[in-house]
Amino acid sequence: MKFIDAHSHYNDEQFDDDLDEVIKRTKNEGITKIICAGYDIHSSKKSIEISSKYDFIYSTCGISPNDVPENLENIDELMKELETLAINKKIIAIGEIGLDYHWNTENKEIQKEFFIRQIELANKYDLPIQIHTREAVMDTIQILKEHPVKRKGMFHCCPLNRELVKEALKLGFYISFAGTVTFKNSKNAEEIVNMVPLNRIITETDSPYLAPEPKRGTRNECMNVKHIVQKIADFKNISIEEVAEQTYNNVLDLFGKISNK
Ligand code: NI
């Protein structure tokens, strides 16, 4: 079986001490491809470094809504720097980018401007995007309608929100599920997973955060994506093989630069 973790952070400092070991373990556990996601300039560079060392690891670069600066003064410089990263051959998407009104509602306009500028960057290089959205359903959808992404993208760790999932599917985006679908207190997880046809589902860990059941509370590693694939299979009443195969193909379809080997 082939497993893909479409969004993780082996660039997080929690892995600084034993990264090579963790990656070896991940590979031995049968994880076929990993996408390591950036969230600011530094983490994007680190992600490129890691993906340059390992064939089966790919990278995104972007500035997340929680990492935007306090004002728009340096936006042109930041975008220029990001563009120098975006052309790297291991960069397969722009992300994670989007809106987060859970942590900050004071800087909505700054978040929106960075989101839009990074959509334009994705379109310039014909790349898809990885979206981070939290408590910002309407604004996120509105921006995607007004600034269409040519190559589409995925909603990373998609909030289990009916309205968001409905609109995201209508816009042609993929829904990426993380450990939250395995949590016992995610009461509507089964309903949401069943709203999404298998050919639009992607799986991820968002490692080192959000470890799925039965690993909840530990440092999350990419091999735990198997628990998420299993949970989706349980909800849809199909085999884990079928979910693994289709979600693998979905990732290859969406991120055109990932090799099938
Ligand atoms: Ni993330």
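Keep in mind the model is a prediction, meaning the values are calculated, not measured. Indexing begins at 1, ligand by ligand and atom by atom, following the structure's order. The basis for the numbers below is simple: all heavy atoms, side chains too, and nothing from hydrogens, waters or symmetry mates.
- Side chains of His9 and Glu96 form a contact here, defined as non-hydrogen atoms less than 4.5 Å apart.
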Pairs of donor and acceptor atoms involving the side chains of residues 164-171, under 3.5 Å and at least two apart or interchain, shall be tabulated with distances.
{"from": "Glu167", "atom 1": "OE1", "to": "Lys145", "atom 2": "NZ", "distance (Å)": "3.4"}
{"from": "Glu167", "atom 1": "OE2", "to": "Lys170", "atom 2": "NZ", "distance (Å)": "3.3"}

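- At least one cation-pi condition fails for Lys33 and Phe56: the charged atom is not both under 6.0 angstrom from the six-membered ring centre and inside a 45 degree cone around its axis.
- Around the Ni ion (ligand 1), the protein contributes the following N, O or S atoms at distances under 2.8 Å: His7 NE2, His9 NE2, Glu96 OE2, Asp206 OD1.
- Considering OH of Tyr125 and NZ of Lys150, their distance stands at 11.5 Å, rounded to 0.5 Å.
- Sorted by first and then second residue, the ring pair (Phe, Tyr, Trp, His ring centres under 6.0 Å) pairs with a member in residues 172-201 read Phe155-Phe173; sequence neighbours excluded.
- Contacts of Glu242 classified as salt bridge (Lys or Arg N to Asp or Glu O under 4.0 Å), with partners at least two apart in sequence or in another chain: none.
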